[in-house]
Protein chains: 2
Amino acid sequence: MRQDERDFLKGYDPSVFPPAAVATDVAVFTLQEGKLKVLLLLRAEHPFQDAWGLPGGFLQPQEDLAQAASRVLAEETGARGVYLEQLSTFGRAGRDPRMRVVSVAYTAFVPWNRVEVRTGRRTREVEWFPAHALPRPLAFDHAEILSTARARLRAKLEYSPVALEFLPARFTLGQLQGVYEAVLGRAVDKRNFRQKVLKARLVRRAPGVLKGRHPPAAFYEAGPGAREGAIYPPFRWDR
Amino acid sequence: MRQDERDFLKGYDPSVFPPAAVATDVAVFTLQEGKLKVLLLLRAEHPFQDAWGLPGGFLQPQEDLAQAASRVLAEETGARGVYLEQLSTFGRAGRDPRMRVVSVAYTAFVPWNRVEVRTGRRTREVEWFPAHALPRPLAFDHAEILSTARARLRAKLEYSPVALEFLPARFTLGQLQGVYEAVLGRAVDKRNFRQKVLKARLVRRAPGVLKGRHPPAAFYEAGPGAREGAIYPPFRWDR
DNA sequence: AGAATAGTGTCTCTCAGACAATATCAC
DNA sequence: GTGATATTGTCTGAGAGACACTATTCT
């Protein structure tokens, strides 16, 4: 071994790497029947066996954090191809009864019915719960993670095009308005809403109409103002 | 051992906790001579010996993440009593040549001269660098952490009272405007600026004036509109 | 016919941003 | 006196938000 190689390794001392496992938890939101819902699973194994919790698991050696989150989500719930965004990291000592675990939480927003959900590994059941009626108690500090995630979602709604992530490529303005109303938890004025999303170029007309139980509604799609986390003009509706 | 205790431990299997160390890195910003600066240290040990990098270190067994960040910052730079905010977590495989390390990054914004900085553990020098003239290369992925931190700072400036964190309890409007100009990197109109911060109640008049090299400037302090991360009316100045 | 939703326009008020001249203090 | 900074007000244009009625489709 050459001198420079020895120097290189000099900084490695196992005693400076105290044991803390790295995990990831994933909060997936969707909109179903006009309500904001979260994907939870009934845990089949300890700890917190038989409690509901977020999909989660440990980081594997060669995996990036986002990859781990994506893999864990797929393994435990079957949901694939979901775009995940890092939320925050939770590492309170004692949050996992087994040992010190630091968990990097991710969130996702998906159109209802775009993800296939099934019961997976370490899981007894997988189910969408209304965000305002979660089962209690949740495993670990998952209640805290979820409340952080909801706060982030509400904030992002006002300055980013997140709302579109809940919808398929083509949607009606009524559906889009429904997303805002469900997340914000209040009604918004239809005329102001339409005027604003169109002026901001958040959406633009797409071909076709949705024939529904009543008058046909025009389809819209993401507009040029909705490019990847853009939309600086903040959105606020009514009071 | 009782059955329930055995059940409890059943979930513990060392093989599911692959070795990844948890670390923390801290990006401290300040304003000095009208320029945004970052606190860096010259590393005295491997890896990246003799390169500049952020203060950082490993999580200790009983420590919360924020505590670890605070301790590491104090040990390596002497800065104490700094309010830290979690930024994001960086965990790309290979970001540390020794082993897999996941780092939870924190940021802080401090008034120039409110922190005592000195050379500390594992450190050869500690110095403030202008944010737009950083030494290269930086250790690990610290360049990426810093650019994320700067982006976050710029965003927060517009909808939160972060700017006040760079200033002492009493300050002049000229100083406050200087913070905005340094972070945004452009000039803002003095009249619009004053009108806006006062109308938004971000600041209010404090007793006294600052006698300087020229006309005395009135002191101001944080106003009722500046309570902990509030200020929803987004700030934008000029173009 | 009735229920449910789609679609549409105007007004007011507030705020963002452009813009310039005078007073004060230290040297 | 000079240089540097403090302080002050008005106008215009854009956007937020309040507000109500008609048309369509399905049952």
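First the proteins, then the strands, lettered A, B, ... as listed; each starts at 1.
Across the protein-nucleic acid pair, B/Lys199 atom NZ and D/dT8 atom C1' stand 14 Å apart, rounded to whole Å. Remark: P of D/dA16 and CZ of A/Arg194 are 17 Å apart, rounded to the nearest angstrom. Regarding A/Leu173, its CG atom lies at a distance of 21 Å from the P atom of C/dA4, rounded to whole Å. Protein atom CG of A/Asp189 is 12 Å distant from nucleotide atom C1' of C/dT8, rounded to whole Å. Atoms CG (A/Leu176) and P (C/dA6) sit 12 Å apart, rounded to a whole Å. One atom, CD of A/Glu158, and another, P of D/dG15, lie 17 Å apart when rounded to the nearest Å. Separating the OH atom of A/Tyr180 from the P atom of D/dA16 is a distance of 12 Å, rounded to the nearest angstrom. In this entry the distance linking CZ of B/Phe193 with P of D/dT7 reads 12 Å, nearest Å.
Comparing A/Gln195 and B/Ala217 against DNA chain D, the residue whose closest nucleotide sits nearer the 5' end is B/Ala217.
Comparing atom distances between the B/Arg191 side chain and each of D/dT7, D/dC19, D/dT8 picks out D/dT8 as nearest. Distances from the side chain of B/Lys196 to the nucleotides C/dG9, C/dG17, D/dG9 place C/dG17 closest.
Ion pair A/Glu181/A/Arg186 not flagged as a salt bridge, since none of the NZ, NE, NH1 or NH2 atoms sits closer than 4.0 Å to an Asp/Glu carboxylate oxygen.
Ring centroid separation for the pair A/Tyr220 and A/Phe171 does not come in under the 6.0 Å cut-off.
For B/Phe90, there are no ring-ring contact (aromatic ring centres under 6.0 Å, His included) partners, not counting sequence neighbours. Take B/Leu31 and apply the side-chain contact (heavy atoms from CB on, under 4.5 Å) test, not counting sequence neighbours, and it matches B/Leu36, B/Phe166, B/Val179, B/Ala182.
The aromatic rings of A/Phe48 and A/Phe140 are tilted relative to each other, their planes meeting at an angle between 30° and 60°.
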Reading 5' to 3' through nucleotides 22-27 of chain C, protein heavy-atom contacts under 4.0 Å coded B for base, S for sugar-phosphate only, - for none:
--BBB-
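A donor-acceptor contact under 3.5 Å is not formed by the side chain of B/Asn192 with the base of C/dC15. No hydrogens or angles were tested; on distance alone, a donor-acceptor pair under 3.5 Å links the side chain of B/Lys190 to the base of D/dA6.
Residues A/Val115 and A/Arg80 form no side-chain contact, since every pair of their non-hydrogen atoms from C-beta on lies 4.5 Å or further apart. In this structure the side chain of B/Leu210 never reaches within 4.5 angstrom of the side chain of B/Pro216, judged on heavy atoms.
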